[in-house]
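To keep things clear, I will list the structure first and then write my remarks on it.
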Amino acid sequence: MSTTADPLAALGALPGVAESVESVRKAVDRVYGHRIMRRRSNAVTSEAALRAARGSAALSGADWALEEVRRRTDFGTDDEARVMGAALRLTAEAGQLLSIWRQSPLRVLARLHLVAAASDESRVGRPRQAGEAVDEPLIELPLPDAREVSGRLDGLADLIIAGSSAPALVAAAVVHGELLALRPFTSHNGLVARAAERIVLIGSGLDPKAVCPAEVGHAEQGRAEYLAALEGYVSGTPEGMAAWIAHCGRAVEFGARESTAVCEALQRGAA
């Protein structure tokens, strides 16, 4: 990452990023301009949250049909059900942490892990320590050691607290990518990373009503493409970083498209 005073803004200047930012803005504007959003935005937000949770869980190994998520009430019976339950809890919790994020992002990340894990084990709600294993089987990239994790988390927190002139998409992509690269907790890192991306997109004002769920778009692009784009982020090259930001941009666009379809269904009285 750039060593300039505003490294996120420097990423925003990478080739192709401005185009991604503009494309995302247009997609978001289309949803917010829909007539249904003037009358039933709460219904669209609720549906988007459900679909966001389903998408995030799919990337963590629980790829359920949307109607199965609606139908189920017990999310503690097996591994996939627990993943889905964690995703649903995180999606609900993210909106409650917006005011804390800019002042204390590490506190928010700890809270997200507590919510996801739903456990009082000593390893929950804090960054992993030296020698602790990480249960994140779907991400096979080299794992940074605990010392590097601590330093980079502090650096990420400093960036968030300092603020940036970078577009919301860039900030959200960096938060998401950094957390996936670090896997700072002993479990649920993917779910936490996507919830943190959600917080940035909402809190930045890009998607204040949470109706453009990037989680949907990440799942729609597929796990293989998700992991390939993440490798670009981890490489640290300008091309790799730009490709990751573009991937996250497409995810937001797909989420916006999903909610536009929800608006159309509500308008027809079919949802």
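We number each residue from 1, following the sequence as shown. All heavy atoms count here, side chains included; hydrogens, waters and symmetry mates do not.
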*May I ask you to decide if the ring planes of His176 and His218 are parallel, tilted or perpendicular, using 30° and 60° as cut-offs?*
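Aromatic pair His176/His218 classed perpendicular.
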Same apolar cluster (I L V M F W Y, side chains within < 4.5 Å links), [X]/[Y]:
X	Y	value
Trp64	Leu138	no
Tyr226	Val216	no
Leu66	Phe254	no
Met84	Leu191	no
Leu114	Leu153	no

Given the rule in the side chain to side chain contact (heavy atoms under 4.5 Å, CB included) test, do Met241 and Tyr233 qualify, once you have shown the distances and angles that lead to the verdict? CA-CA 5 Å; Met241 298 292 283; Tyr233 177 87; 3.5 Å; yes
Nearest-0.5 Å distance, [atom1] of residue [X] to [atom2] of residue [Y]:
X	Y	atom1	atom2	answer
Leu59	Glu220	CG	CD	11.5 Å
Asp154	Leu159	CG	CG	11.5 Å
Glu225	His247	CD	NE2	6.0 Å
Ile202	Thr45	CD1	OG1	8.5 Å
Leu106	Leu156	CG	CG	7.5 Å
Cys212	Leu201	SG	CG	9.0 Å

### Message
Before you tell me yes or no, could you show the steps for Glu68 and Arg72 under salt bridge (charged side-chain N to carboxylate O under 4.0 Å, His left out), namely the whole-Å CA-CA distance, both residues' side-chain angles and the distance that decides it to 0.1 Å?
### Response
CA-CA 6 Å; Glu68 177 71 2; Arg72 288 286 288 269; 3.1 Å; yes
What closest approach, in Å, do [X] and [Y] show between heavy atoms, and which atom pair accounts for it?
X	Y	answer
Ala146	Ala130	CB-N, 3.5 Å
Ala210	Arg198	CB-NH2, 3.7 Å
Arg194	Ser56	NE-OG, 2.7 Å
Val170	Leu8	CG1-O, 3.5 Å
Val31	Met37	O-CG, 3.1 Å
Leu88	Ala53	CD2-CB, 3.5 Å

Can you find a pair of side-chain heavy atoms, one from [X] and one from [Y], that are under 4.5 Å apart?
X	Y	value
Asp120	Val124	no
Arg128	Arg123	no
Ser259	Pro213	yes
Val200	Leu206	no

- [ ] Start with the C-alpha gap between Val44 and Cys263, add the side-chain angles, then the distance that decides, and say whether side chain to side chain contact (heavy atoms under 4.5 Å, CB included) holds.
- [x] CA-CA 7 Å; Val44 181; Cys263 287; 3.9 Å; yes
Verdict with reasoning, Arg54 to Asp63, per side chain to side chain contact (heavy atoms under 4.5 Å, CB included) | CA-CA 7 Å; Arg54 194 215 71 82; Asp63 192 0; 3.0 Å; yes
(request) For side chain to side chain contact (heavy atoms under 4.5 Å, CB included), just list the numbers for Leu180 and Trp244, CA-CA rounded to whole Å, side-chain angles, deciding distance to a tenth of an Å, and then say yes or no. (result) CA-CA 12 Å; Leu180 283 180; Trp244 170 249; 4.1 Å; yes
Note to self: If the test is side chain to side chain contact (heavy atoms under 4.5 Å, CB included), which one of Leu97, Leu112, Ile100 qualifies with Arg107?
What the structure shows: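 With Arg107 as partner, side chain to side chain contact (heavy atoms under 4.5 Å, CB included) holds for just one option, Ile100.
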Surrounding CD of Gln103 (heavy atoms of other residues, nucleotides or ligands, distance under 6.0 Å), is the total greater than 12?
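Yes, the 6.0 Å shell around CD holds more than 12 heavy atoms from other groups.
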**Message:** More than 12 heavy atoms of other residues, nucleotides or ligands under 6.0 Å from CZ of Arg223: yes or no?
**Reply:**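 Counting neighbours around CZ of Arg223, more than 12 heavy atoms of other residues, nucleotides or ligands fall under 6.0 Å, so yes.
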For residues 10-30, run the donor-acceptor check on the side chains, cut-off 3.5 Å, and write out each pair with its distance to 0.1 Å, sequence neighbours left out.
| from | atom 1 | to | atom 2 | distance (Å) |
| --- | --- | --- | --- | --- |
| Ser20 | OG | Gly16 | O | 3.4 |
| Ser23 | OG | Glu253 | OE1 | 2.9 |
| Ser23 | OG | Glu253 | OE2 | 2.9 |
| Arg25 | NH1 | Asp29 | OD1 | 3.4 |

Inset, instruction - Please test Asp135 against Ser187 for side chain to side chain donor-acceptor pair (under 3.5 Å), starting from the C-alpha separation and ending with a verdict. - result: CA-CA 5 Å; Asp135 180 14; Ser187 64; over 6 Å; no
- Message: Would Arg111 and Glu93 count as a salt bridge (charged side-chain N to carboxylate O under 4.0 Å, His left out) here? Give the steps.
- Response: CA-CA 9 Å; Arg111 174 62 184 168; Glu93 186 75 11; 2.9 Å; yes
* Do the side chain of Arg102 and the main chain of Ile160 share a donor and acceptor less than 3.5 angstrom apart? ->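 Yes, because the side chain of Arg102 sits within donor-acceptor range (under 3.5 Å) of the backbone of Ile160.
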Within the side chain of Glu136, is there an N or O that forms a donor-acceptor pair under 3.5 Å with the backbone of Arg183?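 No: the side chain of Glu136 does not pair with the backbone of Arg183.
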Would you mind telling me which of Arg40, Lys209, Arg70 makes a salt bridge (Lys or Arg N to Asp or Glu O under 4.0 Å) with Glu47?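 It is Arg70, the one option of Arg40, Lys209, Arg70 that forms the salt bridge (Lys or Arg N to Asp or Glu O under 4.0 Å) with Glu47.
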